[in-house]
Amino acid sequence: MSHQLNEQELERRKALQELIDLGIEPYPAEGFEVNAGTQEILDNYNPDAKNYQQVQIAGRLMTKRIMGKASFAVLQDARGKIQLYISRDDICPTEDKTLYNTVFKRLLDIGDFIGVNGYVFTTQTGEITLHVTGLKLLSKSLKPLPIVKTEKDGTVHDAVADPEFKYRQRYVDLTINPAVKNVFIKRSQLIGSMRRFMTEQGYLEVETPVLQPIYGGAAARPFKTHHNALDTVFYMRIANELYLKRLIAGGFDGVFEFAKDFRNEGMSRFHNPEFTMLEVYVAYKDYQWMMDFTEAMLERAAQDLHGTTQLPVGEHIIDFKRPWKRFTMYEAIEHFTGIDISEMDEAALLNVCKQLHIETDKSMARGKLIDEIFGTKCEPYLIQPTFITDYPVEMSPLAKKHRSKPGLVERFEAICNGKEICNAFSELNDPIDQRKRFEDQLELGRRGDIEAMMLDEDFLRALEYGMPPTAGLGIGIDRLCMIMTNQPSIQDVLFFPQMKPEKFD
RNA sequence: GAUUCCGUAGCUCAGUAGGUAGAGCACAUCCCUUUUAAGGAUGGGGUCCUGGGUUCGAGCCCCAGCGGAAUCACCA
């Protein structure tokens, strides 16, 4: 404890000592049995039924309004808050009024955890309230809690406006801003809904290595680390694709993993260095089937979270109801630019980029150029969930060649609110073709593409033993969650978004 | 990485031709009330992000740094 304590912190430490002097343990070890919740009481209390007459609840003291021999307070627990009515002679039936006069009125502070028991009633002003007959301190708070400010016109502002404060001290943000807590409950429900959907199909939830000697499965720069005993470089995974496909080769017919991936890149509203990706692989299926699967899973997730498929997202209402629109990538580009690029070579595409004012550089081959055109001229305008299919082979080294369209692969992305939310293909299971694609990646790397993939010999060996035809899907859970909870920034759907380490002096 | 903006009390925010640092909430002491979104009085609390510079004098102007945000770049 090297920092200077401010006045209010000193005051609370003084109160702490006074409590100890009174023989009150400020951090009791034993549990406190709770038999109701605040929100549950508000929802179900019925004055005629006389229910909730022996209630025991616990939580944080959020306000205190002292009015002499009787006081009001607000107790907040995990799901809500309820008013407490505390009368001196009820909690101090004997001559000794210390518990009320000293402990409650003076030594308890906003933010303290307390346990209370009593009976529920309705006050003259009609507010459902717990009439407290017993009170116990469960944990003393030593720092003042910011209080939500309500303007005279009724608008409520977050008690903490500084984003840095919110993200670094999420525990405070969660305590004082209930809407924040709700976002994370929704996030958990989202993952739960998707997990249930996949488990019901009989797919197996698995875990694969985070530390990988060869990173793969995506185009991205990795974090590098070191194993002491092996004296070996490991990379934090950028994707788990190649491991999950090994499992399909091993005989599972459906596997999935909610995986933390790590990419050593810039940070922004849409990028956190570590993020969560769902990957699913299903044997004997193709990308057409996977589109149906994706729609069904996300339609149901929206329904599970909100009871409807239509969600407000920023300025828009986004509808996850099936079926979603489907365009090929060439169709989408032609639709938004009026240019048919399907037959163009690299030189012609460079011209198109120039014409559309898209910057290019020497490392960009045909696939990358097409991706640039799509990324700037199409993607931002696709608001409703839309499948874009049939990508150029150059930008999809792990996808199977299109069954009928030369130069393309069987791949789709779903775009929603102007951003990619998932990526999927008929997985490449031809080991000869896969080796060639890896070699093409190595060539791209030599050309200066720092995100080109490494060649993974073990993965090729698995394909040589044989992998059934397989459909694979990856969904960025954080970005999906931003849409599903209408949050503008990835930091708002991560409890602890990555930030520069805080300095304590 | 580039550009722009922000950093003042525990929290939210004012502030100024460049002239002794403010409000609300919170906190403390007291009064009043005793089933309410209390009322009143008094008071304490600041490295105005840090370090330089200009100036008689800087929270304010200039430079650099730190931290954050937005936009862009990067990012399948």
Separation of atom CD in Gln8(A) from atom P in G43(B), rounded to whole Å: 18 Å

Over how many whole Å does the gap from Leu5(A) atom CG to A28(B) atom C1' extend? 17 Å

Find out whether the Lys NZ or Arg CZ of Lys419(A) is both under 6.0 angstrom from the six-membered ring centre of Phe270(A) and within 45° of the ring's axis. yes

Nearest-angstrom distance, C1' atom, G68(B) to G52(B): 23 Å

CD of Glu315(A): more than 12 outside heavy atoms within 6.0 angstrom? no

Determine the contact category for Pro397(A): base if any of its heavy atoms lies under 4.0 Å from a base atom, sugar-phosphate if only primed atoms, P, OP1 or OP2 are that close, otherwise nothing. base

Phe72(A) side chain, from C-beta outward: closest of A28(B), C13(B), U35(B): U35(B)

Separation of the C1' atoms in G22(B) and A64(B), to the nearest angstrom: 30 Å

If we take the P atom in both G46(B) and A37(B), what is their distance in whole Å? 35 Å

If I pick the P atom on G43(B) and the same atom on A23(B), what distance separates them, to the nearest angstrom? 11 Å

For Asn6(A), answer base if it contacts any base atom (sugar-phosphate contacts may also be present), sugar-phosphate if it contacts only those atoms, and nothing otherwise; contact means non-hydrogen atoms under 4.0 Å. sugar-phosphate

Taking pairing as Watson-Crick or G-U wobble with both contacts under 3.5 Å, can you name the mate of U12(B), or confirm there isn't one? A23(B)

Base of U35(B), side chain of Thr125(A) - is there a donor-acceptor contact under 3.5 Å? no

Using a 4.0 Å heavy-atom cut-off, does Glu451(A) contact any base of the nucleic acid, only the sugar-phosphate backbone, or nothing at all? sugar-phosphate

Lys143(A) has an atom NZ; how far is it from atom C1' of G10(B), in whole Å? 8 Å

Thinking salt bridges, do Glu9(A) and Arg12(A) make one under a 4.0 Å N-O criterion? no

Test: Arg435(A) cationic atom under 6.0 Å from Phe438(A) six-membered ring centre, within 45° of axis: no

Please report the distance separating the C1' of A28(B) from the corresponding atom of A70(B), rounded so that it comes out in whole Å. 41 Å

Classify the angle between the aromatic ring planes of Tyr100(A) and Phe104(A) as parallel (below 30°), tilted (30 to 60°) or perpendicular (above 60°). parallel

Mind calculating the distance between NE2 (His131(A)) and P (U35(B)) to the nearest angstrom? 11 Å

With heavy atoms under 4.0 Å as the rule, sort Glu413(A) into base, sugar-phosphate or nothing. sugar-phosphate

Nearest-angstrom distance, P atom, G7(B) to C48(B): 14 Å

Taking atom P of G1(B) as reference, at what distance in whole Å does atom CG of Asn264(A) sit? 12 Å

Base, sugar-phosphate, or nothing for Ile66(A), non-hydrogen atoms under 4.0 angstrom? base

Of the listed nucleotides U35(B), U12(B), G10(B), the one nearest the side chain of Thr123(A): U35(B)

Here's a test of your reading of the structure: between Asp371(A) and Lys69(A), which maps to the more 5' nucleotide of RNA chain B? Lys69(A)

Mind checking who U71(B) pairs with, Watson-Crick or G-U wobble, both distances under 3.5 Å? A2(B)

In plain terms, say whether Arg221(A) and Glu265(A) are close enough for a salt bridge, that is, a side-chain N and a carboxylate O under 4.0 Å apart. no

Review item, nucleotides 65-72 of chain B N/O atoms under 3.5 Å of protein N/O:
| residue | atom | partner | partner atom | Å |
| --- | --- | --- | --- | --- |
| G67(B) | OP1 | Lys500(A) | NZ | 3.3 |
| G67(B) | OP2 | Lys500(A) | NZ | 3.0 |
| G67(B) | O3' | Arg168(A) | NH2 | 3.4 |
| G67(B) | O2' | Glu164(A) | OE1 | 3.0 |
| G67(B) | O2' | Glu164(A) | OE2 | 2.8 |
| G68(B) | OP1 | Arg168(A) | NH2 | 3.3 |
| G68(B) | OP1 | Lys500(A) | N | 3.2 |
| G68(B) | O4' | Glu164(A) | OE1 | 3.3 |
| A69(B) | OP1 | Gln491(A) | NE2 | 3.0 |
| U71(B) | OP1 | Arg269(A) | NE | 3.4 |
| U71(B) | OP2 | Arg269(A) | NE | 3.4 |

Mind checking the C1' distance from G45(B) to C11(B)? Whole angstroms is fine. 14 Å

Using OP1 and OP2 only, check whether a side-chain N or O of Arg65(A) sits under 4.0 Å from A38(B). yes

Step through it carefully: locate the ring centre of Phe495(A), locate the ring centre of Phe184(A), and say whether they are under 6.0 Å apart. yes

Of the listed nucleotides C13(B), U36(B), A26(B), the one nearest the side chain of Ala161(A): C13(B)

Gap between atoms CG and C1', on Leu145(A) and U12(B) respectively (whole Å): 14 Å

Complementary nucleotide of A28(B), counting Watson-Crick and G-U pairs under 3.5 Å: U42(B)

Interatomic distance where NZ belongs to Lys64(A) and C1' belongs to A38(B) [whole Å]: 15 Å

Base, sugar-phosphate alone, or nothing: which one does Met453(A) contact when heavy atoms must sit under 4.0 Å apart? base

Carboxylate-amine/guanidinium proximity below 4.0 Å for Arg237(A) and Glu274(A): no

Rounded to the nearest angstrom, tell me the gap between atom NZ in Lys166(A) and atom C1' in G7(B). 18 Å

Using a heavy-atom cut-off of under 4.0 Å over every strand shown, decide if Phe121(A) touches base, sugar-phosphate, or nothing. base

What nucleotide among C11(B), A28(B), C74(B) has an atom nearest to a side-chain atom of Pro146(A)? C11(B)

Does Glu11(A) get its side chain close enough to the base of A28(B), under 3.5 Å, for a donor-acceptor pair? no

Base U36(B) paired with Gln83(A) side chain (donor-acceptor, <3.5 Å): yes

Salt-bridge test for Asp286(A) and Lys400(A): reply yes if a basic N is under 4.0 Å from a carboxylate O, no otherwise. no

Want to settle it: does Phe165(A) or Arg411(A) sit nearer the 5' end of RNA chain B, counting the closest nucleotide to each? Phe165(A)

Using the C1' atom in both, what is the distance from G24(B) to C62(B), to the nearest Å? 34 Å

With a 4.0 Å cut-off, would you call Glu18(A) and Arg106(A) a salt bridge? yes

